[in-house]
Amino acid sequence: MATLDETEGYLREVENAVRNLKEKYTSKQNERVLSSHVWMSDYVSGIIKDQVNPLKDSLTSVKDSYVGDFKSSTQFDAVIAFCTDVNKLLNEINTQYKMRSNLVDIKLKFQYNLPQIEEKVKHMRNRFNIIKGQLSKKGYEPEEDSWWG
C-alpha cells in the first residue's frame, strides 16, 4: 500500500518529466530531438509507464486507505482524473511518433498538448496539496461530540 509521501514523490517525478519534455520542445536543438521518432516515442511512453501510471495507482491506493477519514473523496477523484487526462494527452503525442508524422505535425501536437499537460499537472499539485492539508488537519481536529460534553 502506498503512502502519502510516496505518492508525492511520484507527483514530483511527473512534474520533472513534464518540465524535461517542455525543455526538449523549447531547446535550441528541438528539431533534432523532436524528429527522432523512435527515441521520442520511447521517451514519451516511458513517462506514461514510469511516472503517470504509478502516480495514478498510488493515488488510488491512498484514496482507498483514507476514504473513510473525511467526508468526500472528490479531491482524490480530481487528481486521478487529471492523471487520466495527462496520460491521454501524452498518448496523443506518442501517436504522432508512432505514425511517423512529419516535424510540423509533431510540433503542432506539442504546441496544442503541452500547455494542457502543464496546466493539468499544476492542478494535480494544487489538489494534492489540498489532500495533504485535509489529512494532516484531520489528525489534529477534536471530535465534535466532545465539544458539547
Under the rule for side chain to side chain donor-acceptor pair (under 3.5 Å), what residues qualify as partners of [X], not counting sequence neighbours?
X     : value
Asn30 : none
Asn16 : Arg19
Asp77 : Lys63
Glu8  : Arg125, Lys132

Has the side chain of [X] got a donor or acceptor atom that lies under 3.5 Å from a matching backbone atom of [Y]?
X     : Y     : result
Asn91 : Asn87 : yes
Thr26 : Lys22 : yes
Thr84 : Ile80 : yes
Ser65 : Val62 : yes

Holding to side chain to side chain contact (heavy atoms under 4.5 Å, CB included), I want the full list of residues that pass it with [X], two or more places apart in sequence or in another chain.
X     : answer
Ser35 : Leu103
Asp50 : none
Asp57 : none
Asn20 : Glu23, Tyr43

> Passes side chain to side chain contact (heavy atoms under 4.5 Å, CB included), Met40 versus Ile106? Steps please.
Replying inline: CA-CA 11 Å; Met40 280 300 292; Ile106 291 171; over 6 Å; no
> Which pairs pass side-chain hydrogen bond (donor to acceptor under 3.5 Å, both in side chains) with one or both residues in residues 98-107, sequence neighbours excluded?
Replying inline: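 Sorted pair list: Gln96-Ser101.
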> If every non-hydrogen atom of Gly46 is compared with every non-hydrogen atom of Gln51, which pair is closest and at what distance?
Replying inline: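 Nearest heavy atoms, Gly46 then Gln51: O-OE1, 3.6 Å.
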>> Quick check on the hydrophobic clustering: are Trp39 and Leu34 connected, directly or via other members, by side-chain heavy-atom contacts under 4.5 Å?
In response: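 Yes, Trp39 and Leu34 fall within the same hydrophobic cluster.
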>> Do Leu11 and Met124 make a side-chain contact, defined as non-hydrogen atoms from C-beta onward lying under 4.5 Å apart?
In response: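 They are in contact (side-chain heavy atoms under 4.5 Å apart), so the answer is yes.
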> Is there a side-chain contact between Ile93 and Ile117 (heavy atoms, below 4.5 Å)?
Replying inline: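 They are in side-chain contact.
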> Can you name the ring pair (Phe, Tyr, Trp, His ring centres under 6.0 Å) partners of Tyr97, sequence neighbours left out?
Replying inline: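 Result, ring pair (Phe, Tyr, Trp, His ring centres under 6.0 Å) vs Tyr97: His37.
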> With sequence neighbours left out, what residues match Phe128 under ring pair (Phe, Tyr, Trp, His ring centres under 6.0 Å)?
Replying inline: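 Result, ring pair (Phe, Tyr, Trp, His ring centres under 6.0 Å) vs Phe128: none returned.
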Quiz: residues 108-116 side-chain donor-acceptor pairs under 3.5 angstrom, not counting sequence neighbours:
{"from": "Asn113", "atom 1": "ND2", "to": "Leu89", "atom 2": "O", "distance (Å)": "3.1"}
{"from": "Asn113", "atom 1": "ND2", "to": "Glu92", "atom 2": "OE1", "distance (Å)": "3.1"}
{"from": "Gln116", "atom 1": "NE2", "to": "Tyr112", "atom 2": "O", "distance (Å)": "3.2"}

>> Please report the interatomic distance CG(Asn53) to OG(Ser58), rounded to the nearest 0.5 Å.
In response: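 Here the rounded value is 12.0 Å.
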